[in-house]
Amino acid sequence: MRKLNYIRIFIFLCMVTAVTLGLYYVAADWLDQRYFRFLIWNLFLGWIPFVFSYASYLLSDVKWKGAGWLAVASGLLWLLFFPNSSYIVTDLVHLTARSSRYYGGNGVDYTYWYDLSVVLMFVWTGLLLGFLSMYQLQEVIYHRIGRWASWIFVLAGCALGSYGVLLGRVYRLNSWDALTNRETLIELMHESVSRPSLAFCLFFGTFIITIYATLYYLINTRSLRDMKSSAGIPRYKTSGTSD
């Protein structure tokens with residue numbers, strides 16, 4: 001499993017976030033509407049899993065005895081907030097809710113494409129934050145325990161993440177309710193045990209695990225040059241000089 005430079009990843013994610021926010025404000029000023037400003041808060045929540053996963057990643061290399069327990073605690077907090085990063089996908093529903101504003105006698109109004117671009121940028125940024133945070137924790141587990149344990153973690157994380165999205169979108173709960181409103185959380189968790197909820201989790205869980213596996217594959221696929229180098233195959237000369 002390839003190790004990443006998370007300082008550079010952090011800078012890159014900040015740049016993507018800045019582009020996303022800039023696109024929102026440009027579109028908001030141009031169209032003179034702030035309907036999608038709630039996406040800014042949702043994106044902020046999407047950053048929280050990355051912060052906790054990075055804390056766990058750093059603590060995993062600290063030699064202090066208590067660092068391991070702090071890393072586990074940070075990982076559990078990551079799990080609590082991880083659904084926020086993929087929850088933004090469900091915000092696409094707001095385009096459907098506003099469909100009457102987009103369709104007229106001449107077809108689709110141009111404002112639809114601006115709004116679609118803005119929402120998709122928030123979705124893309126949120127997914128990047130969530131999946132790169134998962135990759136950090138998988139990397140820790142991979143090097144500490146092994147490959148199988150790391151993928152069991154990924155499957156469990158995606159399953160619980162999809163269930164968290166269900167609780168957020170359908171039952172209107174958020175991550176804070178696990179800390180501040182446990183009675184309501186437990187009551188709605190019992191209510192959520194149904195076939196439609198199971199189907200939602202299966203479909204959405206398949207969606208996020210597929211995207212994560214794609215990201216993992218792209219990161220860890222070696223180039224032909226790297227494969228030749230590791231196999232000890234000499235490279236052909238490209239210069240015009242001769243020995």
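When all heavy atoms are compared, the tightest approach of Thr206 to Leu202 is OG1-O, 2.6 Å. Contact record, Phe204 with Val165: CE2-CG2, 3.8 Å, taken as the closest heavy-atom pair. The two residues Met189 and Leu167 come nearest to each other via the heavy atoms CG-CD1, 4.2 Å. For the residue pair Val123 and Ile88, the shortest heavy atom distance occurs at CG2-O, 3.5 Å. Scanning both residues, Met134 and Phe153, for their nearest heavy atoms gives O-CE2, 3.8 Å. For the pair Arg34 and Ala28, the tightest heavy-atom approach, listed with the atom from each and the gap, is NH1-O, 3.1 Å.
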N/O donor to acceptor pairs below 3.5 angstrom from side-chain atoms of residues 5-17, sequence neighbours left out:
from, atom 1, to, atom 2, distance (Å)
Asn5, OD1, Ile7, N, 3.1
Asn5, OD1, Arg8, N, 3.2
Tyr6, OH, Glu139, OE1, 2.9
Thr17, OG1, Leu13, O, 2.8
Thr17, OG1, Trp47, NE1, 3.1

What side-chain donor-acceptor pairs closer than 3.5 Å can you find for residues 68-84, not counting sequence neighbours?
from, atom 1, to, atom 2, distance (Å)
Ser74, OG, Phe52, O, 2.6
Ser74, OG, Ser56, OG, 3.2
Trp78, NE1, Ser133, OG, 2.9
Asn84, ND2, Phe81, O, 3.1
Asn84, ND2, Ser175, OG, 3.0

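Between Tyr135 and Tyr216, the two ring planes are tilted [angle within 30° to 60°].
For the residue pair Tyr35/Asp115, the side-chain donor-acceptor check at 3.5 Å is not satisfied.
With sequence neighbours left out, the ring pair (Phe, Tyr, Trp, His ring centres under 6.0 Å) criterion links Tyr142 to no other residue. The side chain to side chain donor-acceptor pair (under 3.5 Å) test applied to Asn174 returns no partner, not counting sequence neighbours. Residues that satisfy the ring pair (Phe, Tyr, Trp, His ring centres under 6.0 Å) test with Phe203, not counting sequence neighbours, are absent from this structure. With sequence neighbours excluded, no residue forms a ring pair (Phe, Tyr, Trp, His ring centres under 6.0 Å) with Trp124.
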Trace of the side-chain contact (heavy atoms from CB on, under 4.5 Å) decision for Leu120 with Leu92: CA-CA 8 Å; Leu120 287 178; Leu92 288 166; 4.0 Å; yes
Intermediate values then yes/no, ring pair (Phe, Tyr, Trp, His ring centres under 6.0 Å), Phe38 and Trp41: CA-CA 5 Å; Phe38 63 87; Trp41 172 252; over 10 Å; no
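Interatomic distance, CD1 of Ile141 versus CH2 of Trp148, reported as 15.5 Å (0.5 Å rounding). If you take OG on Ser86 and CZ on Phe207, they are separated by 8.5 Å, rounding to the nearest 0.5 Å. A distance of 15.0 Å separates NZ in Lys3 from CD1 in Ile219, rounded to the nearest 0.5 Å.
At least one donor-acceptor pair under 3.5 Å links the side chain of Ser197 to the backbone N or O of Ser192.
Of the listed residues (Arg98, Arg37, Arg169), just one forms a salt bridge (Lys or Arg N to Asp or Glu O under 4.0 Å) with Asp91, and that residue is Arg169.
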